[in-house]
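Working notes for the structure below.
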Protein chains: 2
Amino acid sequence: MKNRLKVLRAERDWTQADLAEKLEVSRQTINAIEKGKYDPSLPLAFKVARLFAIPIEAIFTDEVEVDIS
Amino acid sequence: MKNRLKVLRAERDWTQADLAEKLEVSRQTINAIEKGKYDPSLPLAFKVARLFAIPIEAIFTDEVEVDIS
DNA sequence: AGTTTAGGTCAAGCTTACTTTACATTGGTA
DNA sequence: TACCAATGTAAAGTAAGCTTGACCTAAACT
């Protein structure tokens, strides 16, 4: 599951900590989601969509991440 | 988090077991989600949306369930 | 050189999502 | 009445999402 969080953040000049605060989650959670460590819960995905005022599908996609480890 | 699974299922005359099979989850998972016991993961929500060919927001909503226990 | 800011990561612990197995309830129908 | 299909529910276990606290690196600034 890919996401455009980093880009959406950059467009607004927000840090991971800024976004975390707005979404009421920890900074580590934002980092983990951006780095593809895990996917957000559905409620959190809704919160993200509401914050950026765009559909969930415009932020997250079902494409699988390429694991480069 | 409310959802329209039961209605979408009814429109297609599918049982909970039918839907579970199509989504590759257990019947209990479908039942639990319909009954509001918990929300699906984001990947499962995407799978549901793809199956019904409608946006996630057309199936799940932010509204909190009323707990009648 | 020392400090600050942003990002990356790890460990331990808790909660939520999901599984399997099993059993109870309800409505229809032979 | 007995049976069967669909639904509801529970217990116990695993996996995933999220927390706090801590530490490390790199870049920018004083």
Listed partners of A/E11 passing side-chain contact (heavy atoms from CB on, under 4.5 Å), at least two apart: A/V7, A/L8
Length of the CD1-P vector between B/I30 and C/dT20, whole Å: 13 Å
Distance-only, no hydrogens or angles: does the A/N3 side chain make a donor-acceptor pair with backbone N or O of A/T61 under 3.5 Å? no
Could you pull out all residues at least two apart from B/K35 that satisfy side chain to side chain donor-acceptor pair (under 3.5 Å)? none
Determine whether a donor-acceptor pair (N or O, by modelled atom type, separation under 3.5 Å) exists between the side chain of B/K2 and the backbone of B/E63. no
Got a sec, which residues hit side-chain contact (heavy atoms from CB on, under 4.5 Å) with B/S41, two or more places apart in sequence or on another chain? B/P43, B/L44
Are there more than 12 heavy atoms of other residues, nucleotides or ligands under 6.0 Å from atom CD of B/E21? no
Any residue of residues 34-62 of chain A with a heavy atom less than 4.0 Å from an atom of DNA chain C: A/K35, A/K37
Partners meeting salt bridge (charged side-chain N to carboxylate O under 4.0 Å, His left out) with B/R50 (sequence neighbours left out): A/D62
Excluding sequence neighbours, so at least two apart, what forms salt bridge (charged side-chain N to carboxylate O under 4.0 Å, His left out) with B/R9? B/E34
What residues in residues 15-26 of chain A put a non-hydrogen atom under 4.0 Å from any atom of DNA chain D? A/E24, A/V25, A/S26
Identify the heavy atoms of B/I59 and B/A49 that sit nearest to each other, and give their distance. CD1-CA, 3.6 Å
Any sub-3.5 Å donor-acceptor pair from B/E57's side-chain atoms to A/I56's backbone N or O? yes
Between which nucleotides of DNA chain D, read 5' to 3', does contact with chain B run, using atoms under 4.0 Å from its heavy atoms? D/dA6 to D/dA10
Distance check needed: C/dA6 C1' versus A/D13 CG, whole Å only. 12 Å
Applying ring-ring contact (aromatic ring centres under 6.0 Å, His included) to B/F46 and not counting sequence neighbours gives none
Taking only residues two or more places apart in sequence or in another chain, which ones pass side chain to side chain donor-acceptor pair (under 3.5 Å) with A/K22? none
Using a cut-off of 4.0 Å between protein heavy atoms and nucleotide atoms, how would you tag nucleotides 21-30 of chain C 5' to 3' with B, S and -? BB--------
Mind checking side chain to side chain donor-acceptor pair (under 3.5 Å) for A/T15 and listing every partner two or more places apart, or none if nothing turns up? A/D18
